[in-house]
Amino acid sequence: MLPALVIHGGAWAIPDAEVGPHQAGLDQALDAGWEVLTSKGTALDACTAAVEVMERDQTFDAGVGSFLNTAGQVELDAGIMDGATLNAGCVAAVRRVRDPLRLACHVLDSWEVMLVGQGAEQFALERGMELCEPESLVVERERRRWERLNQGGDFDQRTAFTPGGAPNDTVGAVALDHLGRLASASSTGGPPRKRPGRVGDTPIVGAGLYADDRMGACCCTGLGEDILRVGLARLCCQLLHQELSPQEAAESGIAALKERVGGLGGCILLDPKGRVGVAFNTARMAFGYCLASGERRAKVGEFEDSMGG
Ligand code: ASP
């Protein structure tokens, strides 16, 4: 049933103290995206509205407040895809943009698909966006975390997704609008202490996001290197196309992530009928959805509720 919206705010061992802020952020993002869909707005605009709320919420690892890389800087990645046209707009490793998904939307409106670093920032200026000082994206909490992690010596990114590990609060959304158009959008600061210039799955079409009105829309979170290797978002959409239900497709995709590369993460999925799939093999995952039936949910799900690993 049309319309439908599914969002996520990261899959990792979200501590009890952070469950409330995650749920509050998800609720606000659902409100923003659902308002667009129920006013007959597009799936693209609904995904953008929901993700932008979470980019501005410092609870999440996107926009201001993101994790710092080894050089102590914020570098942001974001992407958006239109299931009707297969157009996509993606940006990576930007350091002077407060709203990376907004910039990705400008790329979507151009003939290019992906712009990175200084070239992407130059394009932001051309599109009338203001650039910010890189330091203005850094918050004190992350500066302190960075110092702590520096003292700890080598940091294994994989531990971030297991209990007690460092957070990974990438955000994303998939939507189906009243005309049956699907879209997917995603935004992240990447994992803590990533190498400068490192780009994960989040802004990569087919890995962190995918949307095709003929198959479905998917958005992923988790350790980007593993998600890239299996092309998880496109894989889940392809599984949908093979007549699996969205829940079965999401579970099969996460099972493949685990089985093929030992990956940890989660995904949200919508099919062209507005049916939902959510699966993860991390300790917890923050997700929510609004459906035309009136069903609404925003929660930090437990591993036991998911399909398991
Ligand atoms: N997928 C993101 C990345 O690797 C991290 C995350 O989803 O939390 O950049």
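Keep in mind it's a predicted model, so treat the numbers as computed, not measured. The basis for the numbers below is simple: all heavy atoms, side chains too, and nothing from hydrogens, waters or symmetry mates. All ligand and atom numbering here is 1-based and tracks the order in the structure.
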S.K.: Going by distance only, is there an N or O of Asp169 that falls short of 3.5 Å from an N or O of ligand 1?
M.R.: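 In this structure, Asp169 places no N or O atom under 3.5 Å from an N or O of ligand 1.
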S.K.: Say whether Pro191 and ligand 1 are in contact under the criterion: heavy-atom distance to a ligand atom below 4.0 Å.
M.R.: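 Under 4.0 Å: yes for Pro191.
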S.K.: Distance alone, cut at 3.5 Å: any donor-acceptor contact between the side chains of Ser110 and Glu112?
M.R.: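 There is such a pair between these side chains.
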S.K.: Among Ile227, Asp201, Leu264, which one puts a heavy atom closest to atom 1 (N) of ligand 1?
M.R.: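 Of the listed residues, Asp201 has the closest heavy atom.
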S.K.: Any side-chain heavy atom of Asp99 within less than 4.5 Å of one from Arg56?
M.R.: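 Counting from C-beta outward, Asp99 and Arg56 do come under 4.5 Å.
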S.K.: May I ask you to check whether Gln151 and Glu147 show a side-chain donor-acceptor distance below 3.5 Å?
M.R.: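 Gln151 vs Glu147: no donor-acceptor pair found between side chains.
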S.K.: Step through the shown structure and confirm whether more than 12 heavy atoms of other residues, nucleotides or ligands are within 6.0 Å of CD on Glu243.
M.R.: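 No - once you tally the heavy atoms of other residues, nucleotides and ligands closer than 6.0 Å, there are 12 at most.
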S.K.: Mark the output for Glu225 as yes if a heavy-atom distance to ligand 1 is under 4.0 Å, and as no if none is.
M.R.: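 In this structure, Glu225 fails to qualify as a contact of ligand 1 - no heavy atom is under 4.0 Å.
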S.K.: Just jot down the ligand 1 atoms closer than 4.0 angstrom to any heavy atom of Thr170, in number order.
M.R.: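 In order of number, 2 (C), 5 (C), 6 (C), 7 (O), 8 (O).
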S.K.: Are Val74 and Glu142 side-chain neighbours, meaning at least one heavy-atom pair lies under 4.5 Å?
M.R.: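 Sidechains of Glu142 and Val74: no contact.
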S.K.: Do Val174 and Ser184 make a side-chain contact, defined as non-hydrogen atoms from C-beta onward lying under 4.5 Å apart?
M.R.: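 The answer is yes, as the side chains (C-beta and beyond) meet within the 4.5 Å cut-off.
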S.K.: Between Thr188 and ligand 1, does any nitrogen or oxygen pair lie at a separation below 3.5 Å?
M.R.: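 For ligand 1, there is no N or O atom that lies under 3.5 Å from one belonging to Thr188.
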S.K.: Which atoms from ligand 1 have a heavy atom of Gly190 less than 4.0 Å away?
M.R.: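 Numbered from 1, ligand 1 contributes 9 (O).
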S.K.: Measure the shortest side-chain to side-chain distance between Val97 and Glu121 over non-hydrogen atoms and say whether it is less than 4.5 angstrom.
M.R.: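 Val97 reaches Glu121 side chain to side chain.
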S.K.: Between ligand 1 and Cys220, is the shortest N or O to N or O distance under 3.5 Å?
M.R.: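 No - when backbone and side-chain N and O of Cys220 are compared with those of ligand 1, no distance drops under 3.5 Å.
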S.K.: Pairs of nitrogen or oxygen atoms closer than 3.5 Å, one from Arg198 and one from ligand 1: do any exist?
M.R.: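 N/O-N/O distance below 3.5 Å exists for this pair.
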S.K.: Indicate yes or no: at least one non-hydrogen side-chain atom of Met285 is less than 4.5 angstrom from one of Thr221.
M.R.: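 A side-chain contact exists here, since the closest heavy-atom pair is under 4.5 Å.
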S.K.: Which ligand 1 atoms, with their elements, are less than 4.0 angstrom from a heavy-atom of Thr221?
M.R.: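 Counting atoms of ligand 1 from 1, those under 4.0 Å from Thr221 are 6 (C), 7 (O), 8 (O).
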S.K.: Below 4.0 Å, non-hydrogen atoms only: which portion of Thr202 touches ligand 1? Side chain, backbone, both or neither.
M.R.: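 Answer for Thr202: side chain.
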